[in-house]
Enquirer: 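Dropping the structure in here first, questions after.
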Amino acid sequence: MSYTQTDMFLTEQQTIEAKIKIFCAANDIPLAALDWKPIPYSGEWGISTSFFATAAAEARAGKKIVVPQRAQEIAEQAAGPVSDVPGISRVEAVKGYLNLYFATSEYTRRVVDTVLEQKTGFGAGPRTGSRVMLEFSHPNTHKAFHVGHLRGTILGDAICRILEFAGNDVVRANYPGDMGLHVIKWLWGYLKFHNGEQPAADITKWMGEVYAEATRRLEENPDLEAEVRAVYARWDQRDPEVAALWERTREWSLEGFRQMYAALDVRFDVYYFNSQEEKPGKEIVEELVRRGIATDERPQGGAVIVKIDEALGLAKELFRTAVILRSDGTALYATEDLALVKHKFADYPDLEKSLYLVDVRQSLHFTQVFKILEIAGYEQAQKCGHISYELVTLPGNVVMSSREGTVVLLEDLLREATSRAKEEAHKKNQALTEEQLEVVAKAVGLGALKYPILARENTRLVTFDWQTALDFNGQAAPYIQYAHVRCNSILKRSQVSTFERLNVAFDYDLAPAEIQLIDMISRFPSEVQRAAADYKPLIIASSAYDIAKAFASFYDACPVVQASPEVREARLRLVTATKIVLANALQLLGIEAPEVM
RNA sequence: GCCCCUGUAGCUCAAUGGAUAGAGCACCUGCCUUCUAAGCAGUAGGCUGUGAGUUCGAAUCUCACCAGGGGCGCCA
């Protein structure tokens with residue numbers, strides 16, 4: 001099933017396909033499957049299919065033909081029987097392709113009407129009833145939240161929005177790391193240097209500073225490690241003072257995260273915590289050892305491991321060996337992840353997929369976790385998948401690290417982006433009130449931040465630099481938002497509501513810019529499906545930009561308010577449709593569509 | 001040694017195995033008395049890392065190289 005803008009012309013496409021089949025059967029041509037695509041050249045719309053596959057099959061069957069020539073021949077012959085399909089204005093056979101052009105006025109009317117009828121639902125797929133969980137963001141408590149974490153958070157949010165819109169039931173899961181060596185270090189640093197202090201405004205930033213100081217002090221004086229180990233020991237015995245401190249400070253971080261997610265307009269349906277998976281994880285490890293799947297090397301001073309390649313009888317090292325419990329019996333992330341997989345399916349037994357959006361460095365880890373459970377006979381493991389994305393680094397290929405202090409903090413970036421946006425907005429439009437400026441600054445600043453992340457292939461490394469991050473020109477969110485604002489502007493100025501009426505004819509000669517714009521709009525629903533199938537917000541980011549670009553050309557070339565009454569009414573409807581699609585696309589990216597800017 | 005990702009215009013990046021490989025930035029030329037110029041139109045810029053293969057057709061699939069990055073038993 002290929003999704004093209006022909007979704008709106010499905011009946012025509014099916015009619016044509018049927019006629020081609022009849023023609024081929026009558027002429028003894030073994031027709032290969034037909035693949036329909038938009039005609040790639042602008043100026044007119046239509047769908048197109050080719051006969052290369054059919055011709056190639058004939059050649060393989062022994063017919064002495066030149067494939068491209070034969071494809072063209074079939075296309076020419078097939079053109080006849082399909083020339084009288086209603087809604088199709090013109091048929092042509094060229095270079096082995098059969099191109100079918102839509103009747104302009106009918107096509108335009110149908111596209112625009114569909115958008116105006118479906119409004120915020122335009123582009124949405126039918127509900128599939130399929131429930132999918134996506135785990136993303138997973139920040140560490142007691143640490144800073146920096147631009148490196150932003151990618152996973154923004155990407156995860158957009159993927160959820162797209163999956164939902166495409167027709168799935170989505171469960172948004174978060175999995176903060178609330179216990180581990182980093183937390184113990186933090187607790188030690190707090191007790192020693194900041195005991196009794198409370199976080200101020202930027203909670204997460206402050207938590208990060210305490211952590212960075214603790215690591216720095218430890219590096220300066222390694223003797224202090226003994227004190228850290230002592231804190232760990234107290235934690236292991238659930239020392240009331242340490243446990244209480246952990247709970248209180250953990251809550252500070254979580255409150256900081258809530259504020260940050262609110263600022264980013266990201267939400268979650270369910271939270272899991274690694275501290276809760278520790279015990280069940282150890283139980284799974286015990287079970288695996290009992291069943292002989294895991295090897296307990298602790299008597300020999302080793303850890304508990306699973307030799308996955310060996311268990312699968314593989315000669316090549318592919319899944320390698322996984323360590324699932326430390327030699328001292330404490331839990332690793334792997335221990336807890338084993339339990340988490342099951343925990344999720346226990347909570348949501350009908351999950352069709354359980355996805356983990358985690359950076360690429362953890363690919364092997366996740367394939368190991370899922371594989372181990374599969375070997376253990378846990379069938380749900382096959383529904384698990386890791387979606388990986390590349391890191392955000394600093395210029396010079398420097399990886400952001402809270403430990404090294406090489407980070408760009410999210411708080412700083414958000415502040416900088418919104419203040420820059422506010423400045424810019426004021427410069428561009430002095431008519432804006434202070435209140436409007438605030439709204440615009442938030443929408444534009446945040447959008448400018450999110451878009452570059454979403455408009456890039458997940459597997460591609462992003463190098464962060466302030467100049468690019470705060471560049472509001474060109475292919476960026478503000479360009480798309482601006483197109484939305486201009487739509488709104490025209491509609492406000494027109495002050496009429498008659499364009500809401502359906503069945504207005506587009507009977508005048510459409511300008512090339514109009515044709516291009518309608519073409520882009522019509523493709524949006526299929527782009528949503530593609531984006532959902534591949535977990536790629538990039539497809540929506542591109543689509544939104546393409547629509548905005550087509551509108552910008554239209555805006556320049558086609559007067560609306562001052563056009564003659566029939567043209568004006570039709571164009572007002574087109575502008576309304578454009579505004580709706582732009583808003584829908586931006587919504588999928590988690591970017592606001594302002595009314596003014 | 002094994003596995004994964006990346007290599008496309010000067011730079012940053014797009015491109016369902018299809019017809020003519022496209023944008024943005026930067027550079028140059030025009031366009032605000034006209035729906036907001038965060039804009040539009042145009043010029044210029046390419047042996048898609050290299051070499052083979054598969055295919056009617058390859059930036060896209062396969063293999064081998066080259067270059068960069070990442071991962072490989074007790075970090076997360």
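Not measured: the values here are computed from a predicted model. All chains are named by letter (A, B, ...) in the order of the sequence lines, taking the proteins before the strands, and each is independently numbered beginning at 1.
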Enquirer: Flag the pair A:Y356 / A:F370 as yes when at least one side-chain heavy-atom distance between them is below 4.5 Å, and no otherwise.
Expert: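 Yes, close enough: below the 4.5 Å cut-off.
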Enquirer: Counting distance alone, no hydrogens or angles: does the base of B:C72 have a donor or acceptor under 3.5 Å from a partner atom on the side chain of A:R320?
Expert: yes
Enquirer: Inspect the surroundings of CD in A:Q562 and state if more than 12 heavy atoms from other residues, nucleotides or ligands are less than 6.0 Å away.
Expert: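 12 or below, so no.
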Enquirer: Across the strands shown, which category fits A:V561 at heavy-atom distances under 4.0 angstrom: base, sugar-phosphate, nothing?
Expert: base
Enquirer: For a quick check of understanding: with a heavy-atom distance under 4.0 Å over all strands, which category does A:K549 fall into, base, sugar-phosphate or nothing?
Expert: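 Counting heavy atoms under 4.0 Å across all strands, the contact made by A:K549 is with sugar-phosphate only.
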Enquirer: By nearest atom, which of the nucleotides B:G71, B:A14, B:A76 is closest to the A:Y333 side chain?
Expert: B:A76
Enquirer: Using 0.5 Å steps for rounding, measure from the CG atom of A:L432 to the NZ atom of A:K422.
Expert: 11.0 Å
Enquirer: Could you check whether A:H182 gets within reach of a base, just the sugar-phosphate, or nothing at all, counting any heavy atom under 4.0 Å?
Expert: nothing
Enquirer: Rounded to whole Å, how long is the line connecting atom CD of A:E527 with atom P of B:A15?
Expert: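 In whole Å, B:A15 P lies 10 Å from A:E527 CD.
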Enquirer: Select base, sugar-phosphate, or nothing to describe what A:Q481 touches, counting heavy atoms under 4.0 Å on all strands.
Expert: nothing
Enquirer: Which heavy-atom pair separates A:I162 from A:P537 by the least distance, and what is that distance?
Expert: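 In terms of heavy atoms, the two residues are closest at CD1-CA, 3.6 Å.
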Enquirer: Between B:G24 and B:C40, how far apart are the two P atoms, rounded to whole Å?
Expert: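 Those two atoms are separated by 8 Å.
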Enquirer: Taking atom types as they are modelled, is there a donor-acceptor pair under 3.5 Å from the base of B:C5 to the side chain of A:R460?
Expert: no
Enquirer: Report yes if a side-chain nitrogen or oxygen of A:Y555 is closer than 4.0 Å to either non-bridging phosphate oxygen (OP1 or OP2) of B:A37; otherwise report no.
Expert: yes
Enquirer: Will you find, in the side chains of A:E73 and A:Q69, an N or O donor that is under 3.5 Å from an N or O acceptor?
Expert: no
Enquirer: With distance as the sole criterion, do the side chain of A:S363 and the base of B:C4 form a donor-acceptor contact below 3.5 Å?
Expert: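 When only heavy-atom distances are counted, A:S363 does not reach the base of B:C4 through any donor-acceptor pair under 3.5 Å.
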Enquirer: Rounding to a whole Å, what distance do you find between A:L364:CG and B:C5:P?
Expert: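 Rounded to whole Å, this separation is 14 Å.
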Enquirer: Which part of the nucleic acid, if any, lies within contact of A:N274, taking any heavy atom under 4.0 Å across all strands shown: a base, the sugar-phosphate backbone alone, or nothing?
Expert: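 Answer is nothing: A:N274 stays at 4.0 Å or more from every strand.
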Enquirer: Heavy-atom distance under 4.5 Å between the side chains of A:V561 and A:I490, does that happen here?
Expert: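 Contact flag for A:V561/A:I490 side chains = yes.
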Enquirer: Step through it carefully: locate the ring centre of A:Y479, locate the ring centre of A:Y451, and say whether they are under 6.0 Å apart.
Expert: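 That pair fails the under 6.0 Å test.
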Enquirer: Can a side chain N or O of A:R60 be found less than 4.0 Å away from OP1 or OP2 on B:U55?
Expert: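 So the side-chain polar atoms of A:R60 never come under 4.0 Å of the phosphate oxygens OP1 or OP2 of B:U55.
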Enquirer: At 4.0 Å (heavy atoms only), tell me whether A:V596 reaches a base, stays on the sugar-phosphate, or touches nothing.
Expert: base
Enquirer: In whole Å, what separates the P atom of B:U43 from that of B:C35?
Expert: 27 Å
Enquirer: Within the 4.0 Å heavy-atom criterion, would you say A:L538 contacts the bases, only the backbone, or no part of the nucleic acid?
Expert: sugar-phosphate
Enquirer: What interatomic distance, in whole Å, is found between P of B:G49 and the corresponding atom of B:U6?
Expert: 12 Å
Enquirer: Between B:A15, B:C74, B:C56, which nucleotide gets closest to the side-chain atoms of A:L332?
Expert: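 Taking heavy atoms from C-beta onward, the closest nucleotide is B:C74.
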Enquirer: What nucleotide, of B:U16, B:C74, B:G73, holds the atom closest to the side chain of A:S327?
Expert: B:C74
Enquirer: Can you tell me how far C1' in B:C32 sits from the matching atom in B:G39, rounded to whole Å?
Expert: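 After rounding to an integer number of Å, I get 10 Å for this pair.
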Enquirer: Would you check, one step at a time, whether the test salt bridge (Lys or Arg N to Asp or Glu O under 4.0 Å) holds for A:E592 with A:K450?
Expert: CA-CA 11 Å; A:E592 284 182 66; A:K450 289 183 176 184; over 6 Å; no
Enquirer: Looking only at side-chain atoms of A:Q475, point me to the closest of B:C13, B:A23, B:C40.
Expert: B:A23
Enquirer: Anti or syn, where syn is a glycosidic angle within 90° of 0; which label fits B:G73?
Expert: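 Glycosidic conformation of B:G73: syn.
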Enquirer: Compare the minimum distances between each of B:C75, B:G24, B:G39 and the side chain of A:R326, then state the nucleotide with the smallest one.
Expert: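 The answer is B:C75, which lies nearest to the side chain.
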Enquirer: For nucleotides B:G57 and B:G45, find the distance between their C1' atoms and express it as a whole number of Å.
Expert: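 Their C1' atoms lie roughly 28 Å apart.
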Enquirer: Does A:C487 reach a base, just sugar-phosphate, or nothing at all? Heavy atoms under 4.0 Å.
Expert: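 Result for A:C487 = nothing.
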Enquirer: Taking the nucleotide of RNA chain B with the closest heavy atom to each, which residue, A:T49 or A:G301, is nearer the 5' end?
Expert: A:T49
Enquirer: Hey, does A:G96 reach any base, or is it just sugar-phosphate, or nothing, if we go heavy atoms under 4.0 Å?
Expert: nothing
Enquirer: Kindly compute the distance separating CD1 (A:I39) from CD (A:E92), expressed to the nearest 0.5 Å.
Expert: 6.5 Å
Enquirer: Suppose we call a contact any N or O donor and acceptor under 3.5 Å apart; does that hold for the side chain of A:E424 and the base of B:A38?
Expert: no
Enquirer: For the side chain of A:R456, counting heavy atoms from C-beta on, which of B:C13, B:G73, B:C40 is nearest?
Expert: B:C13
Enquirer: Can you see if the side chain of A:R486 gets near the phosphate of B:A37 - specifically, an N or O under 4.0 Å from OP1 or OP2?
Expert: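 Yes, A:R486 has a side-chain N/O under 4.0 Å of OP1/OP2 on B:A37.
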Enquirer: Output yes when at least one side-chain N/O atom of A:K316 is less than 4.0 Å from OP1 or OP2 of B:C2, else no.
Expert: no
Enquirer: Heavy-atom nearest nucleotide on RNA chain B for A:V485 versus A:Q362: which residue maps closer to 5'?
Expert: A:V485
Enquirer: Enter syn or anti for the glycosidic conformation of B:C32, syn applying to angles within 90° of 0.
Expert: syn
Enquirer: Select one nucleotide: of B:G71, B:A38, B:C74, the one nearest the side-chain heavy atoms of A:R361.
Expert: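 Taking heavy atoms from C-beta onward, the closest nucleotide is B:G71.
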Enquirer: Could you tell me how far B:U48 sits from B:C11 if I compare only their P atoms? Round to whole Å.
Expert: 15 Å
Enquirer: So, taking the atom named OH in A:Y232 and the one named CG in A:L181, what distance separates them when rounded to the nearest 0.5 Å?
Expert: 6.0 Å
Enquirer: For A:Y479, report the nucleic acid contact type (base, sugar-phosphate, nothing); a contact means any heavy atom under 4.0 Å.
Expert: sugar-phosphate
Enquirer: Verify the distance criterion only: is there a donor paired with an acceptor across the side chains of A:N458 and A:K536 at less than 3.5 Å?
Expert: no
Enquirer: How does RNA chain B look in dot-bracket form if you count Watson-Crick and G-U pairs under 3.5 Å, write [ ] for pairs that cross, and put | where a base pairs with another strand?
Expert: (((((((..((((....[...))))..((((.......))))......(((((..]....))))))))))))....
Enquirer: Starting at CG of A:L325, measure out to CG of A:L332 and round the result to the nearest 0.5 Å.
Expert: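 Going from CG on A:L325 over to CG on A:L332, the span is 6.5 Å.
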Enquirer: Taking atom P in both B:A26 and B:G22, what distance in whole Å separates the two?
Expert: 22 Å
Enquirer: Considering every strand and a 4.0 Å limit on heavy-atom distances, what is the contact class for A:I305: base, sugar-phosphate, or nothing?
Expert: base
Enquirer: Can you tell me how far P in B:C3 sits from the matching atom in B:G51, rounded to whole Å?
Expert: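 One P to the other, the span is 25 Å.
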Enquirer: Rounded to the Å, how far apart are A:D309 CG and B:C2 P?
Expert: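 Distance check: A:D309 CG to B:C2 P gives 14 Å.
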Enquirer: Which is true for A:A55 with a 4.0 Å heavy-atom rule: it touches a base, it touches only sugar-phosphate, or it touches nothing?
Expert: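 Nothing, no nucleic acid heavy atom in range.
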Enquirer: Does A:Y545 place a side-chain N or O at less than 4.0 Å from the phosphate oxygens OP1/OP2 of B:C13?
Expert: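 The answer is no; no side-chain N or O of A:Y545 sits under 4.0 Å from OP1 or OP2.
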Enquirer: Out of B:A38, B:C35, B:C74, which nucleotide sits closest to the side chain of A:V323?
Expert: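 It is B:C74.
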Enquirer: Which part of the nucleic acid, if any, lies within contact of A:A425, taking any heavy atom under 4.0 Å across all strands shown: a base, the sugar-phosphate backbone alone, or nothing?
Expert: base
Enquirer: Closest to the A:N473 side chain: B:G39, B:A23, B:C2?
Expert: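 Shortest atom-to-atom distance from the side chain points to B:G39.
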Enquirer: Give one of base, sugar-phosphate or nothing for A:T321, where a contact means two heavy atoms less than 4.0 Å apart.
Expert: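 Base, at least one base heavy atom under 4.0 Å.
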Enquirer: With respect to the phosphate group of B:C4, does any side-chain polar atom (N or O) of A:T459 fall under 4.0 Å of OP1 or OP2?
Expert: no
Enquirer: Taking only the side-chain heavy atoms of A:N140 (C-beta and beyond), determine which of B:A15, B:G1, B:A76 contains the nearest atom.
Expert: B:A76
